[in-house]
Amino acid sequence: MAEAKKLVLIGNGMAGVRAIEHLIKLAPGAYEITIFGAEPHPNYNRIMLSSVLAGGADMKDIVINDWDWYKENNIRLHAGHTVTKIDTKARKVVSHLGVEAEYDALVLATGSNPFMLPLPGADKEGVIGFRDIKDTEIMQETAKTYKKAIVIGGGLLGLEAARGLLNLGMDVSVVHNQPYLMNRQLDETASAMLKKELEAQGMKFLLRKYSESIYGKKRVKGLRFSDGTEAEADLIVMAVGILPNVGLAKSSGIEVNRGVVVNDFMETNVPGIYAVGECAEHRGIAYGLVAPLYEQGAVLAKRLAGVATEGYAGSVTSTKLKVSGVDVFSAGQYLDSDDTRSLRYQDEVDGVYKKIVLKDDKLVGAVLFGDTGDGASLFSIIKKGESVKGKEKELLLGFSASPSGGSSPLARLESMADDEIICGCNGVSKGTIADAIKTKGCSSVSEIKACTKASASCGGCKSQVEGLLQIYAGDAAVSVKEGICGCTTLNRDEIVAEIKRMELKTIKEVMHVLDWKNTEGCSKCRPSLNYYLGMLWPTEYKDEKESRFTNERYHANIQKDGTYSVVPRIYGGVTSPAELKKIAEVAEKFDVPMVKFTGGQRLDLLGVKKEDLPKMWEELDMPSGHAYGKMLRTVKTCVGNTFCRFGTQDSIAMGIRLEKEFERLNAPAKVKLAVSGCPRNCAEATIKDFGVVAIDGGWELHIGGNGGVHIRATDLLCVVKTEDEVVEWASAFLQLYREQAQWNERTSTWVERVGLDYVKQALEKREDRLALMERIRTALDQTVDPWKEIIANKELRKNFEALNPVQAVQS
Ligand SMILES: Cc1cc2nc3c(=O)[nH]c(=O)nc-3n(C[C@H](O)[C@H](O)[C@H](O)COP(=O)(O)OP(=O)(O)OC[C@H]3O[C@@H](n4cnc5c(N)ncnc54)[C@H](O)[C@@H]3O)c2cc1C
Ligand SMILES: NC(=O)c1ccc[n+]([C@@H]2O[C@H](COP(=O)([O-])OP(=O)(O)OC[C@H]3O[C@@H](n4cnc5c(N)ncnc54)[C@H](O)[C@@H]3O)[C@@H](O)[C@H]2O)c1
Ligand code: SF4
Ligand code: FES
């Protein structure tokens with residue numbers, strides 16, 4: 001066997017060591033490897049420093065390769081040694097402590113340095129970047145004695161730092177020089193939604209602010225801005241971008257631009273010297289995310305092992321913000337330009353925004369907020385660069401919008417193609433993970449991580465990896481416990497059980513007693529807890545309006561142009577000339593620009609000014625139609641046997657009875673009902689949450705339908721004879737759903753998750769149905785019409801007038 005060549009790696013970080021991992025698999029023993037690392041640690045996951053700061057991981061959890069790994073692979077590691085000289089003629093490197101190493105091949109993987117704004121006073125104690133373990137420890141220590149922190153830079157790093165500092169109990173302001181946050185990843189709409197959520201979590205923002213100097217004596221006391229204003233701070237973290245670490249290369253005569261210039265095989269202009277990772281510049285780009293760096297590492301390893309490779313051709317990148325309770329995804333070209341067109345979807349009720357950017361019928365970019373489940377699939381399509389003509393709507397609304405798909409994350413995963421990437425950081429496809437489970441026997445996330453690297457970096461794909469385990473390993477899967485959001489490790493059932501056991505009665509109490517990581521909670525847990533507490537303690541719990549979404553807080557559906565809609569309740573879709581006249585008069589009096597019939601057989605007065613809302617409701621003197629929020633919406637009816645010659649039962653009367661029975665019902669998600677007078681089913685009852693279809697001598701009761709984005713036909717629950725039985729079963733079913741579903745879970749997803757048999761069994765015994773019926777009645781008895789309350793209460797009216805909506809909505 002040929003004598004091993006000498007390979008030296010400068011930089012013991014994520015990209016360089018990943019290339020070495022590949023190399024020792026491809027060509028074991030081909031190189032005698034020496035690594036110099038300036039940090040006194042083994043190779044660790046830098047990405048997870050955000051989680052360490054936020055309290056979601058320990059330093060020990062983030063080691064990628066421990067000290068033993070180096071020994072086991074015969075790698076000589078000089079940790080804590082900074083290489084200060086490369087002698088390209090003698091082919092050797094020297095560390096600051098005088099240790100020398102000769103090389104046949106040299107890899108530069110020196111990463112980046114945080115860009116530190118050269119402000120007067122930037123050298124004061126308490127002014128740091130956020131890049132390594134040392135910075136993280138300084139922040140953790142500082143938070144023990146100091147209170148006020150400023151983060152300069154509202155990008156990914158700045159926001160993750162700010163979230164971590166909040167969790168450490170600091171008062172945090174983010175100073176950003178642009179009009180909106182994450183301007184390098186998001187458009188303005190997504191950014192505004194992000195800001196609102198982070199503000200609710202307790203973060204403060206100073207936008208369009210230009211830092212001028214840092215004041216204080218030895219230690220920082222505050223930051224001064226170009227407009228003459230100041231902000232106090234005991235700690236300033238600069239997160240305004242990074243600079244490739246190229247000093248060593250430059251002083252050694254290696255070609256350097258912004259980064260160390262490399263070709264497609266990661267070769268520099270000096271033979272035998274390569275560069276990889278953030279320090280490298282390929283085709284004019286120096287990347288700052290691991291996915292492209294790992295691709296580069298794989299190419300470099302092949303090159304060094306003498307294995308054929310087409311080389312590295314550059315990468316399209318995608319990012320996700322790692323802040324609990326905020327789902328944000330951005331990929332490719334996220335802003336519009338002259339040669340692109342974009343499609344948008346926004347749902348203010350669920351806090352969801354989606355935008356896709358198309359160029360010449362190809363998908364070139366995407367921004368997702370609130371629901372990032374389709375991020376991986378969209379990213380795959382962007383990378384493939386194929387035409388998506390005719391599929392644009394499906395791409396925008398979600399992949400499981402196809403008739404065969406369901407809306408659950410599992411259904412989404414099932415419908416993904418094998419070559420779609422699940423783990424963006426490590427480029428691991430669904431097929432590779434499926435293979436690891438099916439043929440290599442992996443039965444836990446950690447085994448899959450060890451086998452494929454999926455979930456080994458930012459951890460953002462962990463829930464999808466878990467989903468694939470459920471699909472392919474079923475009961476054999478060892479599950480990893482996931483909390484309802486990043487603020488807790490407890491899942492829905494555990495939380496509900498603890499609230500009951502300890503009789504917790506407020507959101508604050510739940511968060512405190514159940515050890516929430518973030519004392520303010522986030523946009524996922526706050527509304528969920530508000531719902532669970534209301535469901536469990538219907539007579540005692542006082543709804544926390546601020547934990548609801550805008551539409552529910554203001555009992556109005558905010559429209560695209562910032563106006564509102566007024567939808568009075570019209571029971572069963574049946575109205576009268578007098579009622580129609582009244583609606584028409586109010587519409588005329590308040591200059592309502594559009595009056596429209598809704599799909600749920602009601603009249604929608606659109607384009608209403610916010611200040612007119614209370615007066616209009618007062619004049620209408622009709623109950624709210626609750627055309628917003630997670631409540632009973634409509635009960636659609638067909639004409640039934642009163643007029644229709646096919647009708648077997650009185651569907652109108654049945655529908656009105658059900659609507660009167662359940663109006664104002666709070667639920668985990670919106671609920672729609674329908675009643676058809678015969679199996680011709682003109683009221684489309686079989687795509688409703690609870691559908692009633694008349695047959696000869698009785699009624700069929702159907703459950704779990706959905707006619708929205710994720711179409712699902714109902715399952716037949718049972719057949720009953722009388723109208724009273726319809727009400728009894730509907731009550732029992734709706735209460736079971738209220739008590740057992742997760743917040744924001746539609747009946748369609750819930751029924752699919754728990755199974756029809758489970759629902760049938762739970763409702764089988766009459767005594768159980770009656771008990772459920774009693775509980776739903778108690779809950780309904782507590783409800784009042786929101787507009788009647790607002791009209792009668794001066795304070796509420798005032799509060800309402802102060803409302804200042806910002807965002808466009810389409811739901
Ligand atoms: C807090 C944080 C969160 C992040 N989150 C994400 C994320 O969610 N997703 C994502 O894709 N990316 C994320 N990143 C970016 C990601 O961590 C980097 O892209 C990646 O670590 C770069 O790898 P690298 O090997 O090029 O550089 P590094 O990991 O920085 O490694 C370079 C190493 O070289 C050492 N070194 C430098 N000069 C010398 C020398 N002369 N001699 C010896 N050693 C030297 C340095 O000390 C360092 O240890 C995050 C970064 C940070 C700081
Ligand atoms: N979740 C993730 O993927 C993740 C998390 C953390 C870091 N990172 C990576 O780490 C690197 C560093 O992140 P970053 O957020 O520092 O870089 P960035 O370039 O993405 O963002 C820096 C932000 O700071 C703002 N800024 C610049 N100068 C400023 C000034 N003088 N005052 C106020 N604001 C100013 C910019 O407008 C920009 O939005 C990036 O490569 C990033 O991709 C990624
Ligand atoms: S569902 Fe039957 S009863 Fe109702 S309108 Fe249609 S045909 Fe008539
Ligand atoms: S997507 Fe980051 S680890 Fe998988």
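In each ligand, atom 1 is the first atom listed, and ligand 1 is the first ligand listed.
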Student: I'd like to check whether L248 has a polar contact with ligand 1, where a contact means an N/O of the residue lying under 3.5 Å from an N/O of the ligand.
Tutor: no
Student: Considering non-hydrogen atoms of the protein only, which is the closest contact for atom 42 (N) of ligand 1, and what is the distance?
Tutor: V83 N, 2.9 Å
Student: Considering the options I433, L413, I437, which one meets the side chain to side chain contact (heavy atoms under 4.5 Å, CB included) requirement together with I471?
Tutor: L413
Student: Starting from atom 53 (C) of ligand 1, what is the nearest protein heavy atom, named by residue and atom, and what distance separates them?
Tutor: F130 O, 3.6 Å
Student: Looking at K250 and E255, is there a salt bridge between them, counting it only when a charged N and a carboxylate O are closer than 4.0 Å?
Tutor: no
Student: A15 heavy atoms, cut-off 4.0 Å: which ligand 1 atoms fall inside?
Tutor: 23 (O), 24 (P), 25 (O), 26 (O)
Student: Would you mind finding which of G288, G460, A291 brings a heavy atom closest to atom 15 (C) of ligand 1?
Tutor: G288
Student: When the ring centroid of H282 is compared with that of Y312, is the distance short of 6.0 Å?
Tutor: yes
Student: Select the closest option to atom 18 (C) of ligand 1 among R46, E278, Q296, judged by heavy-atom distance.
Tutor: E278
Student: Does a side-chain N-to-carboxylate-O contact under 4.0 Å join E160 and K322?
Tutor: yes
Student: Atoms of ligand 1 less than 4.0 Å from T82 heavy atoms?
Tutor: 40 (C), 41 (N), 42 (N), 43 (C)
Student: Sorted by chain and residue number, which protein N/O/S atoms are under 2.8 Å from atom 6 (Fe) of ligand 3?
Tutor: C682 SG
Student: Is there a nitrogen or oxygen of M14 sitting under 3.5 Å from a nitrogen or oxygen of ligand 1?
Tutor: yes
Student: Check each of I138, L53, L165, V151 against F130 using the side chain to side chain contact (heavy atoms under 4.5 Å, CB included) test, and report the only one that passes.
Tutor: L53
Student: With backbone taken as N, CA, C and O and side chain as the heavy atoms from C-beta onward, which portion of D132 lies under 4.0 Å from ligand 1: side chain, backbone, both, or neither?
Tutor: neither
Student: Would you mind listing which atoms of ligand 1 come within a distance below 4.0 Å of any non-hydrogen atom of H81?
Tutor: 42 (N), 43 (C)
Student: Just which atoms of ligand 1 are under 4.0 Å from any heavy atom in L157?
Tutor: 1 (C), 2 (C), 52 (C), 53 (C)
Student: Under the criterion side chain to side chain donor-acceptor pair (under 3.5 Å), I'd like the reasoning laid out for R18 against N426: C-alpha separation, chi angles, the key distance, then a yes or no.
Tutor: CA-CA 10 Å; R18 176 58 72 88; N426 296 286; 2.7 Å; yes
Student: Which residue supplies the protein heavy atom nearest to atom 31 (O) of ligand 1, what is that atom called, and how far is it?
Tutor: G13 CA, 3.2 Å
Student: For a quick test of reading the model, state the closest non-hydrogen atom pair linking G697 to Q649 and the distance between them.
Tutor: N-NE2, 3.6 Å
Student: Should T317 and S315 be marked as a side chain to side chain donor-acceptor pair (under 3.5 Å) after you check the CA-CA gap, both sets of side-chain angles, and the distance that decides it?
Tutor: CA-CA 6 Å; T317 56; S315 309; over 6 Å; no
Student: Counting from 1, what ligand 1 atoms have a heavy atom of K322 closer than 4.0 Å?
Tutor: 3 (C), 4 (C), 5 (N), 6 (C), 7 (C), 8 (O)
Student: Taking the minimum heavy-atom distance to atom 50 (C) of ligand 1, which of L156, I47, N12 ranks first?
Tutor: I47
Student: Which protein non-hydrogen atom lies closest to atom 32 (C) of ligand 1, naming both residue and atom, and how far is it?
Tutor: A109 O, 3.4 Å
Student: Starting from atom 46 (C) of ligand 1, find the nearest protein heavy-atom neighbour and note its residue, name and distance.
Tutor: E39 OE2, 4.2 Å
Student: For I10, which part has a heavy atom under 4.0 Å from ligand 1: side chain, backbone, both, or neither?
Tutor: side chain
Student: Please determine whether any non-hydrogen atom of G37 lies less than 4.0 Å from an atom of ligand 1.
Tutor: yes
Student: Just heavy atoms, cut-off under 4.0 Å: does Y287 contact ligand 1 by side chain, backbone, both, or neither?
Tutor: neither
Student: Identify whether the distance between the nearest side-chain nitrogen and carboxylate oxygen of E21 and K453 falls below 4.0 Å.
Tutor: yes
Student: Do you know the tightest heavy-atom contact between S651 and S676?
Tutor: CB-C, 3.8 Å
Student: Distance alone, cut at 3.5 Å: any donor-acceptor contact between the side chains of T319 and Q185?
Tutor: no
Student: Check each atom of ligand 1 against the heavy atoms of N245 and keep those under 4.0 Å away; list them by number with element.
Tutor: 37 (C), 38 (N)
Student: What atoms in ligand 1 come closer than 4.0 Å to a heavy atom of G277?
Tutor: 26 (O)
Student: Considering only protein heavy atoms, which is closest to atom 30 (O) of ligand 1, and at what distance to one decimal place?
Tutor: R131 NH2, 2.7 Å
Student: Below 4.0 Å, non-hydrogen atoms only: which portion of L293 touches ligand 1? Side chain, backbone, both or neither.
Tutor: side chain
Student: Which residue supplies the protein heavy atom nearest to atom 27 (O) of ligand 1, what is that atom called, and how far is it?
Tutor: G111 CA, 3.3 Å
Student: Do other residues, nucleotides or ligands put more than 12 heavy atoms under 6.0 Å from the CG atom of D696?
Tutor: no
Student: Please work out which of G164, S51, G11, G424 has its closest non-hydrogen atom nearest to atom 35 (C) of ligand 1.
Tutor: G11
Student: Under 4.0 angstrom from ligand 1, any heavy atom of K320?
Tutor: no
Student: Among all protein heavy atoms in this structure, tell me which lies nearest to atom 11 (O) of ligand 1, with the distance rounded to 0.1 Å.
Tutor: V290 N, 2.8 Å
Student: Under 2.8 Å from atom 4 (Fe) of ligand 4, how many protein N, O or S atoms can be found?
Tutor: 2
Student: Near T110, which atoms of ligand 1 are under 4.0 Å from a heavy atom of that residue?
Tutor: 32 (C), 34 (O), 37 (C), 38 (N), 39 (C)
Student: If we set the cut-off at 4.0 Å for heavy atoms, which region of A38 has an atom near ligand 1: side chain, backbone, both, or neither?
Tutor: both
Student: Would R303 and F265 count as a cation-pi pair here, with the cationic atom under 6.0 angstrom from the ring centre and within 45° of the axis?
Tutor: yes
